[in-house]
Amino acid sequence: AQSVTQLDSQVPVFEEAPVELRCNYSSSVSVYLFWYVQYPNQGLQLLLKYLSGSTLVESINGFEAEFNKSQTSFHLRKPSVHISDTAEYFCAVSGINNDMRFGAGTRLTVKP
Amino acid sequence: EADIYQTPRYLVIGTGKKITLECSQTMGHDKMYWYQQDPGMELHLIHYSYGVNSTEKGDLSSESTVSRIRTEHFPLTLESARPSHTSQYLCASRPGWTDNGYTFGSGTRLTVV
């Protein structure tokens with residue numbers, strides 16, 4: 001079975017600063033990795049995913065995540081955040097034949 | 001535009017009432033899921049379905065029940081609501097193959113008073 005640990009429950013940051021949201025996973029099999037974003041009073045939206053190939057994946061709004069197999073990590077980064085990036089971010093892992101397991105979430109708050 | 005719809009968005013109901021949370025998707029996805037979400041906690045899987053007439057309980061013990069009579073519809077029912085059921089309930093779906101993420105509905109925030 002897989003599990004996910006998001007190391008920070010809350011990350012406050014100033015606008016235009018860089019940010020990293022940390023995610024570690026455990027699994028005995030090959031995995032797919034995902035980041036979801038949840039804006040207030042909404043459901044979760046897929047931000048980006050790693051399935052195979054290049055270990056660096058990007059989203060359309062400037063976020064990127066790097067799959068690191070040796071460190072079992074999939075940290076999410078953005079070089080310069082905006083106020084509109086304020087949201088809850090969930091890391092998730094899925095095995096080849098299993099359903100998805102989610103982390104507890106990281107609340108990113110971008111301050112002016 | 002959302003392809004998976006949850007109703008109602010918000011519900012306040014008295015203890016002991018029977019309620020059904022609706023979830024419908026228009027994408028023809030085989031797999032559907034119900035999660036319970038509380039602040040600061042991971043999403044807890046309470047029910048899932050891999051297709052019509054297939055339903056299973058998830059990791060989190062729940063007093064709710066589900067049905068899957070049609071591919072597009074996956075309602076969740078609480079026979080007798082209690083204050084401990086107060087939470088946000090999220091419905092999600094995905095195609096039968098596993099390399100896609102889930103598509104989530106906007107959620108139902110339930111308050112039992």
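First the proteins, then the strands, lettered A, B, ... as listed; each starts at 1. Heavy-atom basis, side chains included; hydrogens, waters and symmetry copies ignored.
Contact annotation for B:D59: only side-chain heavy atoms (C-beta onward) come within less than 4.5 Å of a heavy atom of chain A. Looking at B:Q6, there are no atoms closer than 4.5 Å to chain A (heavy atoms on both sides), in backbone or side chain. At a 4.5 Å heavy-atom cutoff, A:E88 makes no contact with chain B through either its backbone or its side chain.
Criterion: ILVMFWY side-chain heavy atoms under 4.5 Å apart, direct or through other members. Under it, A:Y39 and A:I83 are part of a common hydrophobic cluster. Follow the hydrophobic side-chain contacts under 4.5 Å out from A:L56 and you never reach A:L47; the two are in separate clusters. Linking ILVMFWY side-chain heavy atoms closer than 4.5 Å, directly or via other members, places A:F34 and A:L7 in two distinct hydrophobic clusters. If you chain together hydrophobic residues whose side chains sit under 4.5 Å apart, B:L76 and B:Y10 never meet in one group.
Here A:Q38 is the residue among A:Q38, A:Q45, A:Q6 with the most heavy-atom pairs under 4.5 Å with chain B. Between chain B and the residues A:L46, A:L44, A:V4, the largest count of heavy-atom pairs under 4.5 Å involves A:L44.
In this structure, B:K57 places its NZ atom where more than 12 heavy-atom neighbours from other residues, nucleotides or ligands lie under 6.0 Å away.
For the atom pair CZ of A:R101 and NE2 of B:H44, the computed distance is 9.0 Å after rounding to the nearest 0.5 Å. In this structure, CG in B:L43 is found 11.0 Å from CE in A:M100, a value given to the nearest 0.5 Å. Rounded to the nearest 0.5 angstrom, A:Q42 CD and B:F104 CZ are separated by 13.5 Å.
In this structure, A:F102 has its ring center under 6.0 Å from that of B:Y35.
The backbone N or O of B:Y102 sits less than 3.5 Å from a side-chain atom of A:Y36, completing a donor-acceptor pair.
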